[in-house]
Protein chains: 2
Amino acid sequence: MSNVKKILIADDEPDILEIIQFNLQSEGYEVITAKNGDEAIEAARIHQPSLIILDIMMPGKNGIEVCNILRLQPAFKETLIIFLSALSDESTEVRGLETGADDYLTKPISPKILVSKVNSLFRRVASKGSMGMIKIGDLVIDREKYMITYQGNDIILARKEFELLALLASKPSKVFLRNEILNQVWGTEVIVGDRTIDVHIRKIRQKLNLDCITTVKGVGYKFEMQ
Amino acid sequence: MSNVKKILIADDEPDILEIIQFNLQSEGYEVITAKNGDEAIEAARIHQPSLIILDIMMPGKNGIEVCNILRLQPAFKETLIIFLSALSDESTEVRGLETGADDYLTKPISPKILVSKVNSLFRRVASKGSMGMIKIGDLVIDREKYMITYQGNDIILARKEFELLALLASKPSKVFLRNEILNQVWGTEVIVGDRTIDVHIRKIRQKLNLDCITTVKGVGYKFEMQ
DNA sequence: TTACCGGTTAACAATTTGATAATATGCTAA
DNA sequence: TTAGCATATTATCAAATTGTTAACCGGTAA
């Protein structure tokens, strides 16, 4: 990963805040804290964290309210949210999950479980395919830097080659039809010959020096790591 | 989704099994039960459930072992798994999540929380869109990946073969008339001889090495798992 | 200008696929 | 039992698809 994942924690108890912060930071995450619901909303807007851990019982806006407010905004539709609650009141827990949280933790919090759940959530989302950075095995595709790294070596691809590879790698194992590829990489207006895709595929295979692109005859191409 | 979601529950305590079964059935799910790890694996293979709820402590193979075994097989890569544990032993919980479970529940189980988590999990997966997958017994047909897996082995079919099988498997037990097959797979314009279908059927039978396509003389073909 | 790069195309080779013909097998009804 | 019909099997060949190489062209940096 190029940039470290940001996690926002909102809780009114400083002790809890500190414990969580410490544990997540030792895992390599960047942690932002907030002492109440309003601070949480403000911090979320500013830092755009990947994950928000919300205590349910907080002065002012409680965690569920914060979650509801955030979920209304498109920017936070995909943001992971975990609820934290002192009471093991199950109706609250149910309400939390229905509100659109991704997980739930009850106090007292076990650092190990916390860290495990956080990692697990990120893993689940990562497999969904987050834009910007594609990582498959030893292969790293960085859309922003337009760069490809394989086993630590940088590989230079031309634009079309890069976009074609990035497309295929965005959904490993999915077969992309030639039409899909043309639309995604070349656009709908441009009309290019039949052999154009093949030639680009060949160049990629050549440069990567690795058989990660499979031909499905009569259908299309797919990306697969061994 | 066309058919109801299947959920497999494995627990050695009949009471727990019954409680969970009752609650999930009232939610409209189809429930299959297993009394131990081996039964669970067998049942999973046969019924191909969308979700498996595994008790960790079971005679014979425990839940974590079952999960590990299942996760090795491509057919269960995407299957949701929830662990169930009587002990709130956190190291076990951590191990569970690391093993590749999607969630975790501790006994005593609150029916409301259970149902809520199950719904929540399905919602999360649904948004991901796992369309185009046909699962029948040990056979998995993945339209997106253009791949067929039978008993964990990948089988490569050519385009027409794949489409023909996918058609037949899309409605198991339904007899497809030769005309229907021609229209669906070959299209209305193309005209091909009578023996063409036979030959393709034969190739599929050969590659699958399994008698899942039945001939209905004078009518057509149908797909059926034993 | 000149050299180079990326994108495209043309031409041909290699491969895979699909359709058909020819033959065999098996079922059914008279 | 046997003729007649439907399907199974096999081999073969043509067509479709993709791989490969080299050449072309326009833009751009030295």
Side-chain angles (χ1 to χ4, degrees), chain A residues 141 143 145-148 154-168 175-224, chain B residues 143 146-148 154-168 175-224:
Chain A
I141 301 176
R143 294 190 110 104
K145 295 183 182 170
Y146 247 91
M147 257 185 60
I148 294 204
D154 291 348
I155 293 163
I156 295 164
L157 294 186
R159 267 173 217 35
K160 292 274 185 228
E161 291 161 20
F162 184 91
E163 274 163 25
L164 177 45
L165 178 60
L167 175 67
L168 295 182
V175 177
F176 288 82
L177 313 178
R178 292 176 95 88
N179 262 334
E180 283 183 88
I181 294 174
L182 284 179
N183 288 335
Q184 295 289 320
V185 180
W186 275 266
T188 42
E189 298 111 51
V190 197
I191 295 168
V192 291
D194 263 0
R195 303 272 61 73
T196 305
I197 292 180
D198 309 355
V199 174
H200 284 271
I201 290 282
R202 159 153 173 71
K203 285 180 184 166
I204 295 170
R205 294 213 252 234
Q206 203 168 272
K207 286 187 184 172
L208 279 192
N209 190 29
L210 167 75
D211 221 24
C212 54
I213 298 178
T214 311
T215 306
V216 182
K217 257 200 131 171
V219 189
Y221 295 92
K222 67 177 165 179
F223 180 95
E224 255 171 347
Chain B
R143 293 194 117 98
Y146 226 88
M147 248 185 71
I148 292 200
D154 292 348
I155 293 163
I156 294 164
L157 295 186
R159 200 170 120 209
K160 283 266 150 45
E161 291 160 20
F162 185 91
E163 275 164 22
L164 177 46
L165 177 60
L167 175 67
L168 295 181
V175 179
F176 288 83
L177 312 178
R178 293 176 94 89
N179 261 334
E180 283 183 89
I181 294 174
L182 284 179
N183 288 335
Q184 295 290 319
V185 179
W186 275 265
T188 43
E189 297 115 50
V190 198
I191 296 169
V192 291
D194 262 1
R195 300 295 101 239
T196 304
I197 292 180
D198 310 1
V199 174
H200 284 274
I201 290 281
R202 158 152 175 70
K203 284 182 185 165
I204 294 170
R205 283 177 172 155
Q206 201 170 271
K207 287 188 183 172
L208 280 191
N209 191 29
L210 165 76
D211 222 25
C212 54
I213 297 178
T214 312
T215 306
V216 182
K217 256 194 114 164
V219 188
Y221 296 90
K222 67 177 167 177
F223 181 94
E224 253 171 349

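Every chain is numbered from 1 and lettered A, B, ... according to where its sequence line falls, protein lines coming before strand lines.
- Looking at heavy-atom distances under 4.0 Å, A:Y221 makes contact with sugar-phosphate atoms alone, never a base.
- Within 3.5 Å, a donor on the side chain of A:K217 pairs with an acceptor on the base of C:dT15, or the reverse.
- The shortest distance between side-chain heavy atoms of B:Y146 and B:L157 does not fall below 4.5 Å.
- Distances shorter than 4.0 Å separate some side-chain N or O of B:R178 from OP1 or OP2 on D:dT7.
- Between A:T215 and the phosphate of D:dG19, there is a side-chain N or O to OP1/OP2 separation shorter than 4.0 Å.
- In this structure, A:I191 and A:W186 have side chains that are not in contact, with every pair of non-hydrogen atoms separated by 4.5 Å or more.
- Between the side chain of B:R205 and the backbone N or O of B:D211 there is no donor-acceptor pair closer than 3.5 Å.
- Residue B:I191 contributes atom CD1, which lies 10 Å from atom P of C:dT20 at whole-angstrom precision.
- Taking a cutoff of 4.0 Å between a charged side-chain nitrogen and a carboxylate oxygen, B:E180 and B:R178 do not qualify as a salt bridge.
- Minimum atom distance to the side chain of B:A158 is reached by C:dG18, of the listed C:dG7, D:dT20, C:dG18.
- Separating the CG atom of B:D211 from the P atom of D:dA8 is a distance of 10 Å, rounded to the nearest angstrom.
- When rounded to the nearest whole Å, the span between CG of B:D194 and P of C:dA19 equals 13 Å.
- As rounded to whole Å, 9 Å separates atom P of C:dG18 from atom CD of B:E163.
- Atom NZ in B:K203 sits roughly 9 Å away from atom P in C:dT17 (whole-Å rounding).
- Rounded to an integer number of Å, the gap from CG of A:D198 to C1' of C:dT8 is 12 Å.
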